[in-house]
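Before any comments, here is the structure.
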Amino acid sequence: MRPPVHIQERVTSAKGVHMSTESSYLKRTTHCGILRPEHIGQEVTLNGWVHRRRDHGGLIFLDLRDRSGLVQVVFDPEIGNEAWQTAHDVRAEFVMAVRGQVRQRPEGTENPGLATGEVEVAVTQADVLNPAQTPPIAIADTGEVDDMVRMKYRYLDLRTERMQRNLQLRHRAAHAVRNFLTEEGFWEVETPSLFRPTPEGARDYLVPSRVSPGNFYALPQSPQIMKQLLMVSGVERYFQLARCFRDEDLRADRQPEHTQIDMELSFVDREDIYDLTERLFVHLFDASIGHELPVPFPRMTHAEAMARYGTDKPDLRFGMELIDLSEIAAQVDFKVFSGTVAQGGQVKGICAKGCGDYPRAQLDVLTEFAQQHKAQGLAWMRVVEDGVDSPIAKFFTAEQITSIVAAFGAEPGDLLLMVADQPAIVAESLDWLRREMARRENLIPEGTFAPLWVSDFPLFTWDADARRWDAEHHPFCMPHPDDRELLQTDPGQVRALAYDVVINGVEMGSGSIRIHRRDIQQQVFDIMGIDAQQAEEKFGFLLKAFEYGTPPHGGIAPGFDRLVMLLAGEDNIREVIAFPKTQKAQCLMSGAPSTVAPEALRDLHIRLNLPPQD
RNA sequence: GGGGCUGUAGCUCAGUCGGUUUUAGAGUGCCACCCUGUCAAGGUGGAAGUCGCGGGUUCGAGUCCCGUCAGCCCCGCCA
């Protein structure tokens with residue numbers, strides 16, 4: 001645990017500060033959460049919210065809350081009768097100013113559960129600065145509240161301890177990033193939010209231009225092009241906590257606007273970026289939550305990650321790797337296995353340690369689960385002393401069973417789960433199954449972080465519908481130097497100098513070394529079917545810039561929201577975003593998006609063409 | 001666009017096989033009163049409901065059916 005945060009704010013004196021009659025009130029001299037026995041005897045004034053109220057008729061206790069925490073304030077008619085009268089009428093979330101003396105609590109009434117629990121403030125003067133309606137969210141309670149209510153009254157939700165902690169953590173994280181990168185010689189450069197629509201990638205949020213009828217800006221999906229131009233500009237080391245916008249459907253880890261720690265560096269190779277990112281993360285984890293992240297991060301190629309985990313973002317907090325049984329499976333009498341391999345498919349599986357006692361009904365549930373994730377079915381074997389217990393055991397010789405069990409390194413009491421299918425489906429279903437089994441068996445240790453680098457992504461993916469090659473990452477990724485010849489012969493085999501940093505199975509950021517030579521760029525465009533004229537239309541300004549002396553450069557863009565989510569121990573980025581949007585990209589608090597006045601549309605030369613309503 | 005879960009008092013929830021087990025309940029909050037060492041204070045009493053919305057089945061619907069809206073999780077999508 002980290003020490004409590006001491007709020008160091010100047011006590012505003014009346015001198016030199018504008019205090020109109022209306023705004024004159026008892027201003028705080030200190031904060032609630034920092035009071036300790038050392039303050040006993042001091043006269044203090046506190047400003048804050050009523051957290052809880054305990055009215056004994058004679059004595060009234062309030063827990064007064066501000067950003068720093070809670071302290072008990074006592075209203076005693078013999079000490080401050082007028083204040084005591086005031087305290088009768090206050091309720092939860094009233095904003096108050098109280099003045100009184102810090103004193104030791106009477107013996108036996110200390111509250112060890114409270115940081116300030118050894119002391120209390122005996123109130124002599126109290127003002128209600130503002131009353132409050134009964135809030136729809138009980139700030140003092142820790143129970144779950146419906147997401148709809150939380151988002152509609154976000155400003156109240158943010159008062160809860162959890163959200164205050166998350167907001168503060170996010171601030172500390174941002175501060176740590178800025179400090180570290182500044183020390184490393186980076187310049188923070190802001191790039192425009194109103195930019196040119198990009199033809200590739202996600203759907204753009206568009207902003208119509210009033211002065212250029214029929215033309216639109218786009219909110220940037222990322223400052224990718226701009227940061228590369230900054231390398232051409234000689235900035236050499238750029239970063240920005242950049243807001244990025246994508247008009248795509250939401251997930252637990254995706255919001256329509258999110259923040260990236262956007263970085264770009266000149267005269268670097270992959271190792272430089274790995275090293276920099278690792279040191280950034282080490283500093284970030286230490287400065288924000290005091291966690292020591294081990295370096296260097298393990299590394300894995302994309303191919304290896306797919307083979308061993310069935311995903312390009314494996315969660316390394318637990319094992320249960322995928323085992324390839326295709327060789328054995330090719331020779332068995334079980335047609336589902338041998339036939340699949342004969343047709344170019346694979347048979348792979350995972351070994352769930354100690355799950356050999358799963359009853360048939362549970363295995364049916366797992367089978368259904370695998371099928372929901374595209375597998376045709378799920379073959380299972382319970383490993384027992386003298387072989388396996390399985391409905392498909394009869395298709396295997398004793399020798400084959402022994403080799404399967406050996407391939408998994410399995411022991412009696414284990415459960416083997418196998419999928420036979422095309423490689424992509426085997427990978428996807430076993431990835432899901434692996435994570436599901438880890439969840440069921442509680443294999444994921446809390447409070448641990450397992451980072452890794454995944455590298456050598458394919459440069460292109462084949463778009464079967466459009467019958468063309470698409471950039472896997474983006475079209476400015478440098479092809480792997482060893483694969484330059486394959487560009488001509490077999491584009492699907494070309495690896496990119498691209499890398500993802502993954503933590504706990506979440507993609508935390510991706511980057512690449514960029515193409516800085518015009519001829520290579522044109523080669524990549526050619527493969528993607530973008531001819532010189534199209535390239536000129538789409539990226540002309542960038543390509544032109546590249547003709548004026550472009551340094552070799554590369555970068556990475558860790559997702560800031562996801563990092564903070566991880567640091568906070570949350571499983572949804574909404575919890576670390578002050579004002580998030582719903583899955584339909586709406587803001588329940590403000591009602592955005594909303595209709596606009598017809599005149600506003602007219603100014604923008606826009607006519608609506610809405611779908612018919614019943 | 002698709003699949004799943006959820007929707008009952010301000011909040012968190014219960015509500016059985018469709019019915020006299022109610023006038024749809026509980027906890028908390030709220031209101032009133034009592035109470036001088038509590039800290040989830042306690043006690044007594046009270047108010048509080050468009051059972052998300054619309055339609056249907058039925059003698060009878062919070063409960064069953066259809067549609068719809070909203071929130072969440074997932075697929076598609078997200079270079």
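Per chain, numbering begins at 1; letters A, B, ... match sequence-line order.
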Report task. Nearest whole angstrom, please: distance from the P of B:U6 to the CD of A:Glu144. Result -> 16 Å

**Report entry** Nucleotide opposite B:A24 in a Watson-Crick or G-U pair, distances under 3.5 Å
**Finding:** none

Query - Parallel, tilted or perpendicular, as decided by the 30° and 60° cut-offs, for the rings of A:His302 and A:Phe457 - result: tilted

Query raised in the report: Taking atom C1' of B:A32 as reference, at what distance in whole Å does atom NE2 of A:His88 sit?
Result: 14 Å

**Report entry** Same-atom distance (P) from B:C33 to B:C51, integer angstrom
**Finding:** 33 Å

**Report entry** A:His56 ring over B:G42 six-membered base ring, under 5.5 Å and 30°
**Finding:** no

Query - Among A:Arg54, A:His51, A:Arg53, A:Arg52, side-chain hydrogen bond (donor to acceptor under 3.5 Å, both in side chains) partner for A:Asp63 - result: A:Arg54

Query raised in the report: In whole Å, what separates the C1' atom of B:A9 from that of B:G54?
Result: 23 Å

Query - Donor-acceptor contact present, side-chain A:Arg105 to main-chain A:Gly117, <3.5 Å - result: yes

Query raised in the report: Should A:Arg65 and A:Ile139 count as side-chain neighbours, where that means a heavy-atom distance under 4.5 Å?
Result: yes

Report task. Taking the side chain as every heavy atom from C-beta outward, state whether A:His373 and A:Glu436 have any pair of such atoms under 4.5 Å apart. Result -> no

Query - Donor-acceptor contact present, side-chain A:Thr160 to main-chain A:Leu156, <3.5 Å - result: no

Query raised in the report: Rounded to whole angstrom units, what separation is found between the CD1 atom of A:Ile60 and the P atom of B:C34?
Result: 12 Å

Report summary line: Closest to the side chain of A:Val145, out of B:C30, B:A40, B:U12, is B:U12

Query - Between B:U38 (C1') and A:Phe75 (CZ): distance, integer Å - result: 14 Å

Query raised in the report: Between A:Arg53 (CZ) and B:A40 (P), how many Å, whole number?
Result: 17 Å

Query raised in the report: Between A:Asp431 and A:Tyr309, is any pair of side-chain heavy atoms under 4.5 Å apart?
Result: no

Query raised in the report: Do A:Arg246 side-chain atoms and A:Gln221 backbone N/O form a donor-acceptor pair below 3.5 Å?
Result: yes

Query raised in the report: Taking atom P in both B:C13 and B:U6, what distance in whole Å separates the two?
Result: 12 Å

Requested in this report: Name the nucleic acid region contacted by A:Glu472, choosing base, sugar-phosphate or nothing; use a 4.0 angstrom heavy-atom cut-off, strictly under.
Outcome: sugar-phosphate

**Report entry** Residues from residues 93-114 of chain A lying under 4.0 Å of RNA chain B - heavy atoms
**Finding:** A:Arg103, A:Arg105, A:Pro106, A:Thr109, A:Glu110, A:Asn111

Requested in this report: Check whether any side-chain heavy atom of A:Met148 lies under 4.5 Å from a side-chain heavy atom of A:Leu588, and answer yes or no.
Outcome: yes

Report summary line: note: A:Glu368, atom CD; B:G4, atom C1'; distance rounded to Å ~ 12 Å

Query raised in the report: Can you tell me how far C1' in B:U12 sits from the matching atom in B:G19, rounded to whole Å?
Result: 29 Å

Requested in this report: Can you figure out which of B:C39, B:G10, B:U36 approaches the side chain of A:Asp63 most closely?
Outcome: B:C39

Report task. Could you tell me which nucleotide pairs with B:U68 by Watson-Crick or G-U wobble geometry, both distances under 3.5 Å, or answer none if nothing does? Result -> B:G52

Requested in this report: Identify whether NZ of Lys or CZ of Arg in A:Arg435 sits under 6.0 Å from the centre of the six-membered ring of A:Trp432 and within 45° of that ring's axis.
Outcome: yes

Query raised in the report: What residues in residues 521-535 of chain A put a non-hydrogen atom under 4.0 Å from any atom of RNA chain B?
Result: none

Report task. Remember a base hit wins even if backbone is also touched, and classify A:Thr461 as base, sugar-phosphate or nothing at under 4.0 Å, heavy atoms. Result -> nothing

Report task. Compute the centroid of each ring, for A:Tyr155 and then for A:Phe579, and state whether the two points are separated by less than 6.0 Å. Result -> no

Requested in this report: Taking only the side-chain nitrogens and oxygens of A:Arg91, find out if one of them lies under 4.0 Å from OP1 or OP2 of B:C31.
Outcome: yes

Requested in this report: Determine the interatomic distance between P on B:A40 and the same-named atom on B:U28; round to the nearest Å.
Outcome: 14 Å

Query raised in the report: OP1 or OP2 of B:A41 less than 4.0 angstrom from a side-chain nitrogen or oxygen of A:Arg54, does that happen here?
Result: yes

Query raised in the report: Hey, does A:Gln372 reach any base, or is it just sugar-phosphate, or nothing, if we go heavy atoms under 4.0 Å?
Result: nothing

Requested in this report: For B:U16 and B:U36, measure between their P atoms and round to the nearest Å.
Outcome: 46 Å

**Report entry** Same-atom distance (P) from B:G62 to B:A24, integer angstrom
**Finding:** 10 Å

Query raised in the report: Taking protein heavy atoms under 4.0 Å as touching, what does nucleotides 70-78 of chain B look like 5' to 3' if B marks base contact, S marks sugar-phosphate-only contact and - marks none?
Result: SSBBSBBBB

Report task. Would you confirm whether A:Asn572, through its side chain, and A:Glu575, through its main-chain N or O, come within 3.5 Å as a donor-acceptor pair? Result -> no

Requested in this report: Starting from the C-alpha separation in whole Å, work towards a yes-or-no answer on ring pair (Phe, Tyr, Trp, His ring centres under 6.0 Å) for A:His56 and A:Phe61.
Outcome: CA-CA 8 Å; A:His56 286 240; A:Phe61 300 96; 5.4 Å; yes

Query raised in the report: How far does the P atom of B:G76 sit from the matching atom of B:G15, given to the nearest Å?
Result: 36 Å

Report task. Measure the shortest side-chain to side-chain distance between A:Pro197 and A:Leu206 over non-hydrogen atoms and say whether it is less than 4.5 angstrom. Result -> yes

**Report entry** Sugar-phosphate, base or nothing in reach of A:Gln255, heavy atoms under 4.0 Å
**Finding:** nothing

Query raised in the report: Which is true for A:Gln133 with a 4.0 Å heavy-atom rule: it touches a base, it touches only sugar-phosphate, or it touches nothing?
Result: nothing

